[in-house]
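Chain identifiers are assigned alphabetically (A, B, ...) following the order of the sequence lines, protein sequences preceding nucleic acid strands; residue numbering begins at 1 within each chain.
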Amino acid sequence: MGVDLGDLLERENIEIKELSGSWIAVDAFNTLYQFLSIIRQKDGTPLKDGSGRTTSHLSGILYRMTNLLEAGAKVAFVFDGEPPRFKRGTLDQRAETRSRAQEMWERAREEGLDGFKYAQAATRLGDDMVADSKRLLEAMGIPVIQAPSEGEAQAAFMAIRGDVDLVASQDYDALLFGAPQVVRNMAVTGKRKLPGKNVYVDVQPEVIDLARELSRLGIDREQLVDIGILCGTDYNVGLRRVGPKTALKLIREHGTLERVLKARGETIEDAVEIRELFLHPPTDNDYEIEMKRPDADKVMAFLCDERDFSQERVEKAVKRLEEAVKVGQSTLDKWF
DNA sequence: CCAGGTCA
DNA sequence: TGACCTGGG
């Protein structure tokens, strides 16, 4: 979800190798949802351990993060805290959509039909899954940061301060929170399943550079936030029949959100407070980002003994992880 | 999504 | 070596 600015922003395709040496703040909830919705069997069932606990997100974390670290990147996971009060409507609506999708999935299964897309739409990220994710990340030596409110805001804050180079998220919200660079499609294989059909296409990682986009569009960050609010964010419904293109035109014409609304004789509830939230969101500055040596025994014990992962596969991944972190910590690394 | 096998 | 497929938990 999030703000729909895809049509407005130009992205630059990159190779995963180009992330070598960069610190990446990962929007944890966004990434975990991605794993949970995609890592499924053909009938839509997620991966589960012997007791029926979902493990798709753990598989995603283990293999993707190992690959990223092996490519020379460094990552920190940033988890959401308390949602802003303006998000209530969106959260309720998502819960409603999920439960409807759950019903559709069950019906599809009863009738022996393909219910994959319903299963995806029914994806839930439970507290247990969040706890399991943090446990795995910590065992892998990857920093876990708890945001006071929105994870994307905290990640953007860390990027603005220069503690990380990029924010990883499929959403564009981090740009409104001021992230200088956002990386999307941060997968390694470059294959993505098309929604609906059982067809795979090449999808490359891509970077959006905030300063470059603002300059190209001839607006400032506050105006980009205004554009987002005009076409709708997680915190407000946008104006009717106003998408990113129209919103840009309106802001170019009138300059500010207030003037656009006045000129059109329309209102957006809490618009000014929502802009303030994007410009000055709750963040913490007492985080620590430092890769620790992975605890191989902990990773193995958790994934293999408790979550029924294959000993052989996890061992292989952990070996690669240990090697990657060793190389990453060596100061000689940058000379090669 | 990713790993790991197959096959040309 | 790379396109393709299956199973992972």
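For the segment residues 53-62 of chain A, residues with any heavy atom less than 4.0 angstrom from an atom of DNA chain C are, sorted by number, A:Thr55, A:Ser59.
Note on A:Arg307: only backbone sugar-phosphate atoms sit closer than 4.0 angstrom, heavy atoms only; bases stay farther off. Within 4.0 Å (heavy atoms only), A:Ser37 reaches no atom of the nucleic acid at all. When heavy atoms are screened at a 4.0 angstrom cut-off, A:Phe309 is found touching the sugar-phosphate backbone but no base atom.
Between A:Arg313 and the phosphate of C:dG7, there is no side-chain N or O to OP1/OP2 separation shorter than 4.0 Å. When the side-chain nitrogen and oxygen atoms of A:Asn67 are compared with OP1 and OP2 of B:dC1, none of them lie within a distance under 4.0 Å. The phosphate of B:dC2 has OP1 or OP2 within less than 4.0 Å of a side-chain N or O from A:Arg64. Side-chain nitrogen and oxygen atoms of A:Lys316 include at least one within less than 4.0 Å of the OP1 or OP2 phosphate oxygen of B:dG4.
One can place CD1 of A:Ile39 at 10 Å from P of B:dA3, the figure rounded to the nearest angstrom. If you measure from atom CD of A:Gln311 to atom P of B:dA3, you get 18 Å, rounded to the nearest angstrom. Between the CG atom of A:Asn30 and the C1' atom of B:dC1 there is a distance of 14 Å, rounded to whole Å. The distance from atom CG of A:Leu36 to atom P of B:dC2 is 14 Å, rounded to the nearest whole Å. Going from atom NZ of A:Lys42 over to atom C1' of C:dG8 covers 11 Å, rounded to whole Å. Regarding A:Asp43, its CG atom lies at a distance of 15 Å from the P atom of C:dT6, rounded to whole Å. Between A:Arg184 atom CZ and B:dC1 atom P the separation is 13 Å, expressed in whole Å. Rounded to a whole Å, the CZ atom of A:Arg40 is 17 Å from the P atom of C:dG9.
Partners of A:Arg11 under the salt bridge (Lys or Arg N to Asp or Glu O under 4.0 Å) rule, at least two apart in sequence or in another chain, are A:Glu206. Under the side-chain hydrogen bond (donor to acceptor under 3.5 Å, both in side chains) criterion, A:Gln102 pairs with A:Glu106, not counting sequence neighbours. For A:Asp234, the side-chain hydrogen bond (donor to acceptor under 3.5 Å, both in side chains) partners at least two apart in sequence or on another chain are A:Arg94.
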Which side-chain N or O atoms in residues 288-305 of chain A pair as donor and acceptor under 3.5 Å with protein atoms at least two apart or in another chain?
{"residue": "A:Asp295", "atom": "OD1", "partner": "A:Asp297", "partner atom": "N", "Å": "3.3"}
{"residue": "A:Asp295", "atom": "OD1", "partner": "A:Lys298", "partner atom": "N", "Å": "3.2"}

Tabulate below the donor-acceptor pairs under 3.5 Å that side-chain atoms of residues 143-150 of chain A make, not counting sequence neighbours, or state none.
{"residue": "A:Gln146", "atom": "OE1", "partner": "A:Lys134", "partner atom": "NZ", "Å": "2.9"}
{"residue": "A:Gln146", "atom": "NE2", "partner": "A:Asp80", "partner atom": "O", "Å": "2.8"}
{"residue": "A:Ser149", "atom": "OG", "partner": "A:Glu82", "partner atom": "O", "Å": "2.8"}
{"residue": "A:Glu150", "atom": "OE1", "partner": "A:Lys87", "partner atom": "NZ", "Å": "3.2"}
{"residue": "A:Glu150", "atom": "OE2", "partner": "A:Lys87", "partner atom": "NZ", "Å": "3.0"}
{"residue": "A:Glu150", "atom": "OE2", "partner": "A:Tyr235", "partner atom": "OH", "Å": "2.5"}

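In this structure, A:Arg107 is not positioned above the aromatic face of A:Trp105 in the sense of NZ or CZ being under 6.0 Å from the six-membered ring centre and within 45° of the axis.
The A:Val188 side chain lies nearest to B:dC2 when the options are C:dG9, B:dC1, B:dC2.
Side-chain contact check for A:Asp128 versus A:Arg53: every heavy-atom pair is 4.5 Å or farther apart.
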